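What follows is a set of notes on a single structure, which appears directly below.
The analysis underlying the following values was restricted to heavy atoms, covering all of them including side chains, and did not include hydrogens, waters or symmetry mates. As the structure is a prediction and not an experimental result, all values here were calculated from the model.
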Amino acid sequence: MPLITQPIPIFFTVMAIILLAPLLLGRLKIPNVISLIIAGVAVGPHGFNLLARDMSFEIFGQVGLLYLMFLAGIEIDMYHLKKNISKGLVFGAYTFLIPLVAGAAAAMVCFDVPLLTGALLGSMFAAHTLIAYPIVSRFGLTKTRPVVIAIAGTIVAVLGSLIVLAGVLGVEREGSIRSLFPILVSLVVFCIAVIYTYPRITRWFFKNYREPVPQFIYVLVMVFLSAAIATWIGIEGVFGAFFAGLVLNRYIPGRSPLMVRLEFVGNAIFIPYFLIGVGMLIDLHVVVAGWSTIYVAGVMTAIAMTTKWLAALATQKTFGMDSLARKIIYQLSNAHTAVALAVVTIGYGMNLFSVEILNGTVIMILVTCTVSSLGTESAATRMRLRIIEAAEESDSSGAPQSAQVPRTLVAVSNPLTAPGLVDLAILSRDPSLTGPETQLCALHVRTDHSASSREMGRRTLELAERRAAAVENVLTPIERVDNNFINGVVNTMAERDISEVFIGLHRRTGVIDTFMGDKIEQLLLATDRMLVITRLFIPVNTVTRIIVAVPPKAQYETGFRRWVEAVGHIGRQLGCRVIFHCSPDAAPLIATVLRRARIELRVEFEDMETYDDFVIRSREVLDDDLFIVVSARRSSLSFSSDMDSVPAFLQRYFSRHNIILLYPEQFGTEPTLTIADTMLADTVTTPGRLWIRAKEIMRAADRLRRRILGHPHPRTNRGNSDGA
């Protein structure tokens, strides 16, 4: 009988363990993952028997495992996953087939078991759990190639093991593997259904419900719905949770409040509960139960660890990776918990496994989890140091980088639009810029001393500050009383040495009102800093594509590098395609800036010699796209007479679209691209330039055809709609 049986004391004890175990055992350099497992062993029924592994641990433990797999899917870098998917599939094949075949053969020889039992043991060796994933997440390595390969290979191994398990059970119960085919068909139908329905439902929900609590609960509902359906069709729930994370990945940017909340809840409650539950399963007394148990446990542990190491070695040799990458892949795939427990429990219940194999599995779980956590901690530390050293060498080598940390000012006027503006400003910045060095400010300008105006300003700045704090950014709120809005912004820019301003597009109040309004037009005349004017009708995380219209000669402006990086960071965080409509001369330079800033994303280039070219293709911009128009001030090199008609064009044909009107910095101090940069871009992207030239010829022929035939503008049937 456990000492603690009441609900409140049980929950208090678990919370105390989650708090104290990492703090106390961390002094001995024991990873948090292992410290929680050790604590579970100590307080569990096989330790001091403080707590029973009752239904609460069953539920929270299962939820923690599903949450762990969900976070692995939601945090994975989809760009790098697609880039390394072939490597991940190869590793998945290695880490499934090598342990399956070698493990089954070794089990048949060492334990004298039949083929069916050996195959079931082999499936247990093949599957693994990403129990050390929180470690690489803490080191910020979730987007590195070895981690992405390990995650992709994990789901292949788990799926393969579950399929073998289903096949073995079919043979044992029915004498054939015919029961396996309905599961495979159900798996295909399940994946197609989730891929088709989840994005549509998610975008609709995020558009209509923008409060943080409903969005958080919605994500959990979708994750556990996917896991429940996967379990119902005969597949382990971990696959459903992981697959839901992959599909929802696109709609939860890494630097969003929703992502922070999801990670916080998982790492604070659910995942520690799972780890403590794993520890409560481990019975150290089985070690002294007899030499047969020790022998079986030693053989099983050796088979599990050796075959996983061979799979990582084969992956390293296949793709020419270094030893550190192999160690990361091996240690992440070395731990056996969830699927191993499921397999051994089912096998023992069907009298396929002896009690020695059951006890040996428990010891194998303890050893592999310990080795995996310690090894991952060591390898992750070395990889983090290597990344830091590489960045320092790059900085000291004189390679062109961004001129300076951007000093961003977000001009907020009301509580409804302030969070969205702050989100966009943060997404446009380097994700590594957090803490005091971010130099991010929010400004509210009021022209009177009334109580209502003062309250509005404080409320708006408070919301902006909370939004930045939710993604661990420090935002400086500034409340200013000035003669007018323009003076307030300009004076603040001078006092704070601001390099870029984010401001919302005003709402038209009359027929004679202009598209941008007098305030923005005056601000353009008063400063030469980068000005970003935004109007978003949908949450930025539901944007499907980013389409950028770049004027000719934009690459010669002072602020060219910064605005390209800003657009690249937004696309990188949102995980969507970025399509640049630009001149053939600008395309390779844009690619060069993105490459040197280490911004990897899906980029496409379309030829655009003048804004008139884009007018013809304006129907390509959809309601769920983000349309960025790069403009220029009158005195700048890239200004042309076409830009005078851009506001009217946007008002007429894009009154219901998401727009960013971007005016780059001009006559500033940021270094422009050099002739060497241009030559390098030409050298590196010659195939791309040839492709752009071919597209240029086709586009020119299309323009000529339309003008000869007199085709009307494709949007003329929409009417002339006023207001935004």
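- Defined by atom type and a distance below 3.5 Å, a donor-acceptor pair is missing between the side-chain atoms of Thr376 and Tyr133.
- Two residues are said to be in side-chain contact when any heavy atoms from C-beta on lie closer than 4.5 Å; Ser372 and Leu332 fail this criterion.
- Phe242 pairs with exactly one of Ile155, Leu130, Thr154 by the side chain to side chain contact (heavy atoms under 4.5 Å, CB included) rule, that one being Ile155.
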Can you list the steps and then say if Lys308 with Thr95 is a side-chain hydrogen bond (donor to acceptor under 3.5 Å, both in side chains)?
CA-CA 6 Å; Lys308 288 296 182 180; Thr95 200; 2.9 Å; yes

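- Within the 4.5 Å cutoff, no side-chain heavy atoms of Met124 are placed close to those of His336.
- The closest side-chain heavy-atom distance from Glu377 to Leu374 is not below 4.5 Å.
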Starting from the C-alpha separation in whole Å, work towards a yes-or-no answer on ring-ring contact (aromatic ring centres under 6.0 Å, His included) for Tyr273 and Phe57.
CA-CA 7 Å; Tyr273 237 111; Phe57 281 96; 5.3 Å; yes

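- One finds a salt bridge joining Arg386 and Asp322 here, because a Lys/Arg side-chain nitrogen approaches an Asp/Glu carboxylate oxygen to under 4.0 Å.
- With hydrogens and angles disregarded, no donor-acceptor distance shorter than 3.5 Å links the side chain of Gln316 to the backbone of Arg326.
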Determine whether Phe274 and Phe60 satisfy the following criterion, side-chain contact (heavy atoms from CB on, under 4.5 Å), listing intermediate values before the conclusion.
CA-CA 7 Å; Phe274 162 68; Phe60 276 92; over 6 Å; no

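- A salt bridge links Asp624 and Lys207; the closest N-O separation between the charged side-chain nitrogens and carboxylate oxygens is under 4.0 Å.
- In this view, Arg384 satisfies the side-chain hydrogen bond (donor to acceptor under 3.5 Å, both in side chains) rule with no residue, not counting sequence neighbours.
- Ring-plane geometry between Phe243 and Phe239 is classed as parallel, the angle between the planes falling under 30 degrees on a 0 to 90 degree scale with a further cut at 60.
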Could you walk me through whether Leu258 and Phe206 pass the side-chain contact (heavy atoms from CB on, under 4.5 Å) check?
CA-CA 11 Å; Leu258 181 56; Phe206 283 176; 3.8 Å; yes

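- Looking at Lys82, Lys83, Arg145 one by one, the single match for salt bridge (Lys or Arg N to Asp or Glu O under 4.0 Å) with Glu600 turns out to be Lys83.
- Cation-pi check for Arg200 over Tyr198 is not met; the charged atom does not lie both under 6.0 angstrom from the ring centroid and within 45 degrees of its normal.
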